[in-house]
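Just below is one structure, and these are the notes that go with it.
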Amino acid sequence: MGFQVMTMTDAAAQRVRAIVDSSGPDAQGVRVGIKKGGCAGMEYTIELVTVPSAKDDLIERDGAKVWVDPAAVLYLLGTEMDFETTKLRSGFTFSNPNQTSACGCGESVELKAADLAELARQKEVAASVG
């Protein structure tokens, strides 16, 4: 299997499948992206996909399909998408190594582009160990 921009947990895959199942016959998955907004500068976006874009990166887990907006790839490299339910809220969460800070309410984040040289170095180290 090739390199994936993001990964998703079992809980995220289960929630994506539930969204698709309840969204009608044209629903195929969700698209994750980022946009400018919020007090920290950026917000994650999630939208339903009925017609995938050939430019998007696709990640799959247990039948759940998540497309990644190409404009967001450098900000989402290495991110793990999860879904959590607490007493006060439920929603997708992102464990992102490119996040430098977040606002107090947790609705927006500050992201930096991934360091491609560092990613290449980590890949070389992993290959020499394995």
Side-chain angles (χ1 to χ4, degrees):
M1 181 177 206
F3 176 79
Q4 289 189 331
V5 173
M6 290 181 16
T7 59
M8 69 177 123
T9 64
D10 287 336
Q14 182 178 4
R15 182 62 183 144
V16 169
R17 285 192 312 274
I19 290 169
V20 170
D21 290 346
S22 67
S23 296
D26 294 335
Q28 295 189 32
V30 299
R31 177 178 290 115
V32 173
I34 56 170
K35 69 177 184 176
K36 291 184 179 183
C39 48
M42 296 181 140
E43 298 173 333
Y44 294 103
T45 62
I46 298 178
E47 60 187 41
L48 188 65
V49 173
T50 55
V51 178
S53 170
K55 294 179 182 179
D56 289 351
D57 282 280
L58 172 64
I59 62 170
E60 293 183 77
R61 181 173 183 156
D62 301 329
K65 294 181 179 182
V66 174
W67 283 271
V68 180
D69 181 339
V73 166
L74 281 178
Y75 297 98
L76 297 177
L77 282 170
T79 297
E80 180 182 66
M81 180 177 167
D82 194 9
F83 184 81
E84 66 179 24
T85 301
T86 67
K87 288 184 178 184
L88 300 177
R89 69 176 288 282
S90 66
F92 289 104
T93 60
F94 299 89
S95 177
N96 187 340
N98 307 305
Q99 181 176 318
T100 57
S101 67
C103 68
C105 66
E107 293 297 318
S108 66
V109 294
E110 183 177 345
L111 301 173
K112 64 177 176 62
D115 182 341
L116 297 179
E118 176 62 17
L119 287 172
R121 188 192 68 73
Q122 289 175 3
K123 185 177 179 180
E124 286 175 11
V125 169
S128 68
V129 172

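In this text the structure is predicted, and so the values were computed from the model without any measurement.
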- Message: Out of the candidates Leu76, Thr7, Val16, only one should pair with Met81 under the side-chain contact (heavy atoms from CB on, under 4.5 Å) rule; please name it.
- Response: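 The option that passes is Val16.
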
If I compare all heavy atoms of [X] with all of [Y], which pair ends up nearest, and what's the gap?
{"X": "Ala72", "Y": "Gly33", "value": "CB-CA, 3.9 Å"}
{"X": "Pro97", "Y": "Gly78", "value": "CD-O, 3.5 Å"}
{"X": "Val20", "Y": "Ala27", "value": "CG1-O, 3.5 Å"}

- Item | side-chain contact (heavy atoms from CB on, under 4.5 Å) partners for Glu84, two or more places apart | Thr86, Arg89, Thr93

Is [X] reaching over with its side chain to a backbone N or O of [Y], donor-acceptor style, under 3.5 angstrom?
{"X": "Gln28", "Y": "Thr50", "value": "yes"}
{"X": "Arg61", "Y": "Met8", "value": "yes"}
{"X": "Asp82", "Y": "Ser95", "value": "no"}

Find out if a path of hydrophobic residues (ILVMFWY) with successive side-chain heavy-atom gaps under 4.5 Å connects [X] to [Y].
{"X": "Ile46", "Y": "Tyr75", "result": "yes"}
{"X": "Phe83", "Y": "Val68", "result": "yes"}
{"X": "Val73", "Y": "Ile34", "result": "yes"}

To the nearest 0.5 Å, what is the distance between [atom1] on [X] and [atom2] on [Y]?
{"X": "Met42", "Y": "Lys36", "atom1": "CE", "atom2": "NZ", "result": "7.0 Å"}
{"X": "Arg17", "Y": "Asp62", "atom1": "CZ", "atom2": "CG", "result": "5.5 Å"}
{"X": "Lys35", "Y": "Asp69", "atom1": "NZ", "atom2": "CG", "result": "12.5 Å"}
{"X": "Arg31", "Y": "Leu48", "atom1": "CZ", "atom2": "CG", "result": "9.5 Å"}
{"X": "Asp57", "Y": "Trp67", "atom1": "CG", "atom2": "CH2", "result": "12.0 Å"}

Under a 4.5 Å cut-off applied to non-hydrogen side-chain atoms, are [X] and [Y] in contact?
{"X": "Val32", "Y": "Phe94", "answer": "yes"}
{"X": "Val30", "Y": "Phe92", "answer": "no"}
{"X": "Ile19", "Y": "Arg15", "answer": "yes"}

